[in-house]
Enquirer: 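I have a structure I would like to understand better, so I am pasting it below and will then ask my questions one at a time.
Here is the naming used below: chain letters follow the sequence lines, and residue numbers restart at 1 for every chain.
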2 protein chains.
Amino acid sequence: MPQKRILPYVIMGILLNKDCTGKQIMDEFRFDIGEFWQSSHSQVYPELKRMEQDRWIESYSKEDNDKEIHYHLTAYGHEIINDWLMEPVDKLPVSKDLFSLKTFFINDRNDPRLENLFKHQIQLVSNSLNHLRERRQALFSSQEQIDQQYGHYLILARAISRQENQLVWLEDKLNNR
Amino acid sequence: MPQKRILPYVIMGILLNKDCTGKQIMDEFRFDIGEFWQSSHSQVYPELKRMEQDRWIESYSKEDNDKEIHYHLTAYGHEIINDWLMEPVDKLPVSKDLFSLKTFFINDRNDPRLENLFKHQIQLVSNSLNHLRERRQALFSSQEQIDQQYGHYLILARAISRQENQLVWLEDKLNNR
DNA sequence: GCGTCCATGTAAAAGGTTACATGATTAA
DNA sequence: TTAATCATGTAACCTTTTACATGGACGC
């Protein structure tokens, strides 16, 4: 869904922590950020060029290796991303949720498709939960790690809480039909 | 994000319950379906024409009023939508969640922007929760109503559960920072 | 009759995904 | 050396949003 151009802010957010190549930025999307935002390299690479033109970032390459292009936030870019982080979010996201959609259209509580949808959804949520817990284990097993990337920790904890709640709810409804 | 063409299925799902005009379909989006799927009239009207060409739906107008075009699921359309409802959902949606995104990038647990983000989010979730509860009150205050549109009821109950959990979590984190 | 609102329709612009392309590195 | 993989880049296509357009209905 075409939204108000968010991608450059995501990229700048990533660059707040460290300079990155396009590849490294894509890795961020593949792992943690992928939980709540996704993009593809065919968006990111052109975006990096645009952002460089806008002077939000600048590129350089290491002496020994001039193929790898690293990107670095400029002072101006810092301003932009910090301003953006300050703006409050003004509405909740609407996820395009196929599970809701299909369930919504099934009127009969004994329709076997309901049970099917629920069982699959439970599987999906369980898998997601496992993944999230592993991630927490890997990244935040010490208080020090938590304090170093507190926002990341919060978002991970929140996702886990949501999925736990979701799982309980789904199983409860499945059993008490 | 271009997804696999879902809109026609949503429309057919709506038409399962009753024949509709474009306007009536848009009303469904504006109210209940809007919680988990959105569209705009500039998508829906052309889509209706395409679907009619594909013989998934057919149009007719009432004798006394030939301006209003009503759409009706064909037998073929019934097949299509029922097959689709049977297919299990194979992955969880990734909502483009600005709250997660912004929080993610704030490393310092004492950054005042965190508190700000949380307070705003609490407000948003509270409002959403109120709206959902009103909706449940209005639509599902009797067991008969629940049994008549069980899927709709489930989705509404699920949304309420999620938001309740979310609200507790947010408030807890805000207080124990 | 006249202006406004409303249902419907259409067009333009932008975001996002998929597929294809390229050049360099690595592995067999 | 050749094939395969990888990082980067580009193009085509589709979806979605926003804005604009039309024609009838309704109130004044």
Enquirer: Identify which nucleotide among C:dT18, C:dG15, C:dG9 has an atom closest to any side-chain atom of A:Ser40, counting heavy atoms from C-beta outward.
Expert: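 Comparing C:dT18, C:dG15, C:dG9 against the side chain of A:Ser40, the answer is C:dT18.
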Enquirer: For the pair A:Lys102 (side chain) and B:Trp84 (backbone), establish whether a donor and an acceptor sit closer than 3.5 Å, ignoring hydrogens and angles.
Expert: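 Yes.
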Enquirer: Select one nucleotide: of D:dG9, C:dT17, C:dG9, the one nearest the side-chain heavy atoms of B:Lys49.
Expert: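 When the side chain of B:Lys49 is considered, C:dG9 is the closest of D:dG9, C:dT17, C:dG9.
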Enquirer: Does a side chain donor of either B:Asn175 or B:Glu171 reach within less than 3.5 Å of an acceptor in the other side chain?
Expert: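 There is no such pair between these side chains.
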Enquirer: Send over the distance from A:Met26 CE to D:dA7 P, rounded to a whole Å.
Expert: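 Answer to the nearest Å: 11 Å.
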Enquirer: Taking only N and O in the side chain of A:Arg5, is any of them less than 4.0 Å away from OP1 or OP2 of C:dA14?
Expert: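 It does not, given that no N or O in the side chain of A:Arg5 lies less than 4.0 Å from OP1 or OP2 of C:dA14.
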Enquirer: Using atom CZ of B:Phe29 as one end and atom P of D:dT15 as the other, report the distance to the nearest whole Å.
Expert: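 The distance from CZ of B:Phe29 to P of D:dT15 comes to 14 Å, rounded to the nearest Å.
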Enquirer: Which whole-number value in Å describes the distance from A:Lys91 NZ to D:dT17 C1'?
Expert: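 After rounding, the reported distance stands at 11 Å.
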Enquirer: Taking atom C1' of C:dG16 as reference, at what distance in whole Å does atom CD1 of B:Ile6 sit?
Expert: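 Nearest whole value for this atom pair: 15 Å.
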Enquirer: So, under a plain 3.5 Å distance rule, would you say the side chain of A:Ser42 forms a donor-acceptor pair with the base of D:dT8?
Expert: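 No such pair is found, so the answer is no.
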Enquirer: With a 3.5 Å distance limit and no angle check, can you tell me whether B:Thr74 reaches the backbone of B:Trp56 through a side-chain donor-acceptor pair?
Expert: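 Yes.
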Enquirer: Rounded to whole angstroms, how far apart are CD on A:Glu28 and C1' on D:dA7?
Expert: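 About 17 Å, once rounded to whole Å.
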Enquirer: Can you tell me the distance, in whole Å, between the CG atom of B:Asp27 and the C1' atom of C:dT8?
Expert: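 Spelled out: CG on B:Asp27 to C1' on C:dT8 is 13 Å.
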Enquirer: CD1 of A:Ile11 versus P of C:dG15: gap in Å, rounded?
Expert: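 Result: 12 Å.
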Enquirer: Ignoring backbone atoms, establish whether A:Gln43 has a side-chain N or O less than 4.0 Å from OP1 or OP2 of C:dT17.
Expert: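 Yes.
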Enquirer: State which residues pass side-chain hydrogen bond (donor to acceptor under 3.5 Å, both in side chains) with B:Ser100; sequence neighbours excluded, sorted by chain then number.
Expert: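 With neighbours one apart ignored, the set is A:Arg158, B:Asp97.
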Enquirer: OP1 or OP2 of C:dG16 versus the side-chain N and O atoms of B:Lys96: is any pair under 4.0 Å?
Expert: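 Yes, B:Lys96 has a side-chain N/O under 4.0 Å of OP1/OP2 on C:dG16.
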Enquirer: Which atom pairs link the protein and nucleotides 4-6 of chain D when you take only N or O atoms and keep those under 3.5 Å?
Expert:
none

Enquirer: Whole angstrom is fine here: how far is it from CH2 in B:Trp37 over to P in D:dT17?
Expert: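 Result: 11 Å.
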Enquirer: Would you say the side-chain atoms of B:Glu35 and B:His131 include a donor-acceptor pair closer than 3.5 Å?
Expert: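 Yes.
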Enquirer: Using the test side-chain hydrogen bond (donor to acceptor under 3.5 Å, both in side chains), find all partners of B:Asp172 that sit at least two apart in sequence or belong to another chain.
Expert: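 Result, side-chain hydrogen bond (donor to acceptor under 3.5 Å, both in side chains) vs B:Asp172: B:Asn176.
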Enquirer: Identify, between A:His41 and A:Leu7, the residue whose nearest nucleotide on DNA chain C lies closer to the 5' end.
Expert: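 Nearest-nucleotide comparison on DNA chain C picks A:Leu7.
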Enquirer: So does B:Tyr45 get a side-chain nitrogen or oxygen closer than 4.0 Å to the phosphate oxygens (OP1/OP2) of C:dT8?
Expert: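 Affirmative; the distance criterion is met.
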Enquirer: Got a donor-acceptor contact below 3.5 angstrom from the A:Glu79 side chain to the A:Tyr76 backbone?
Expert: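 Absent.
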